[in-house]
Amino acid sequence: MSIFKAKRLTLITIVYWFLLSYVIVALVFWFISLQQQNENITSLRLQQLNPRHPTYTRDAEKIYDGKRRKTGQYIGEGATFLGLIIISAVFIYRATRRQFNLSSQQQNFMMAVTHELKTPIAVTRLNLETLQKRKLEEQQQQKLISNTLQEVERLNSLCNNILLASQLETGSYKISKKEVDASALAERVVGEFKMRNPHRKFVSNIQKELFITGEELLLEILMTNLIENALKYSPRETAVTITLESRKDNIKFSVADEGPGIPDEEKSRIFEKFYRVGNEETRTAKGTGLGLYLCKKIAGDHNAEVRVHNNVKGSVFIVIFKT
Ligand code: ADP
């Protein structure tokens, strides 16, 4: 959050607490003055009674009854008001905070997206210019081309994520479900990752012939995002383990890595839109904070649930498809 924004948030918070305290103090003051009025009216009415009159005790009792009723009414009304004020205050406070967090995350997202778009474009341009201007050996040419293809692939998956997130959000994406061979899909996705990352170690335990009712493209994005994160957030020399297996009444897909893991307090937040652990200035891994948000959305659309647990070292993301 920028200093300007932080200052504004502090100012708004101070004004908010001041107004809230003022309203509550005014309410208490209102109660005390009404109660005093009640006392005064009661004593005035008592003074008007004649103590020698035979109905004095009954009349006085009536006056006290009236006083008690009024006190009850003030307490009831005051408590209802106070309750409503506190409920609305909590509601407004949480909504404003959420709005502030979202807008600062959106700003981070814009920074990240700009960076994410510019880097592959710059690398691709440089590679193509090199290929155009210089006569390179076949091997060097192939290296440049495969590097360029990787950058284009990154751009492609970034665009897919952004487009899909907005389409799923507005409901303009129509999911067409059918029986998908999840085993074949997982094999293909892992195969592509192996090809693009020959230096990384993959362990895959993919059970054969497991079928899920859903949309292949979305399931592919779900698997791709989880594997991409595992690669991105773990050291090069560690393994990424992908598992697809059938259990009693569900199918489990999981991706485990041996990276730094995710602190417990961040475990639920990482699925929020644009959320990234740490802050944009210190973060080195590329990303937009959309990947896991999409995974959660896709899982939700497929009668599935996505969770994150601690691995022995690192983390393991698990998707449970209920069958
Ligand atoms: P992005 O990777 O584009 O930042 P994601 O939504 O995929 O966005 O992930 C949100 C955040 O969760 C990441 O910024 C990262 O801090 C954390 N995260 C996701 N996957 C892992 C993982 N396998 N290991 C450690 N941290 C992770």
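Whatever order the structure lists ligands and atoms in, that order sets their numbers, starting from 1. Values below: all heavy atoms of this structure, side chains included; hydrogens, waters and symmetry mates excluded.
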| field | Qualifying residue, where the test is side chain to side chain contact (heavy atoms under 4.5 Å, CB included) with V255 and the options are T241, N229, N225, I227 | value |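 Of the listed options, the one satisfying the test is I227.
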| message | If you measure every N or O of G261 against every N or O of ligand 1, does any of those distances drop under 3.5 Å? | response |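 It does not: no N or O of G261 is found under 3.5 Å from an N or O of ligand 1.
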| said: Taking distance alone, with N or O pairs closer than 3.5 Å, would you say Y293 contacts ligand 1? | reply: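 N/O-N/O distance below 3.5 Å does not exist for this pair.
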| query | What are the atoms of ligand 1, with element, lying closer than 4.0 Å to any heavy atom of R276? | reply |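 Near R276, meaning under 4.0 Å from one of its heavy atoms, ligand 1 has 1 (P), 4 (O), 14 (O).
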| message | Closer than 4.0 angstrom, basic N to acidic O: yes or no for E187 and K208? | response |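 Looking at K208 together with E187, the answer is yes, because their closest N to O distance falls below 4.0 Å.
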| Are R154 and E151 within salt-bridge range, i.e. N to O under 4.0 Å? |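 Answer for the salt bridge query: yes.
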Would you call [X] a ligand 1 contact, heavy-atom distance under 4.0 Å?
{"X": "K232", "answer": "yes"}
{"X": "N225", "answer": "no"}
{"X": "G289", "answer": "yes"}

| query | Looking just at side-chain N and O atoms, do R97 and Y93 make a donor-acceptor pair shorter than 3.5 Å? | reply |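 R97 vs Y93: donor-acceptor pair found between side chains.
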| said: Can you confirm if the aromatic rings of F321 and F253 lie within a centre distance of less than 6.0 Å? | reply: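 So the answer is no for these two rings.
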| said: Tell me the nearest of I227, L226, L290, N229 to atom 20 (N) of ligand 1, using heavy-atom distances. | reply: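 Among I227, L226, L290, N229, the closest heavy atom to atom 20 (N) of ligand 1 comes from N229.
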With backbone taken as N, CA, C and O and side chain as the heavy atoms from C-beta onward, which portion of [X] lies under 4.0 Å from ligand 1: side chain, backbone, both, or neither?
{"X": "D257", "result": "side chain"}
{"X": "F317", "result": "side chain"}
{"X": "I262", "result": "side chain"}

| Is the NZ or CZ atom of R196 positioned over F193's six-membered ring, under 6.0 angstrom from the centre and within 45° of the axis? |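 Pair R196/F193 counts as cation-pi.
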| task | Start with the C-alpha gap between R94 and R98, add the side-chain angles, then the distance that decides, and say whether side chain to side chain contact (heavy atoms under 4.5 Å, CB included) holds. | result | CA-CA 6 Å; R94 285 173 57 177; R98 207 173 308 135; 4.3 Å; yes
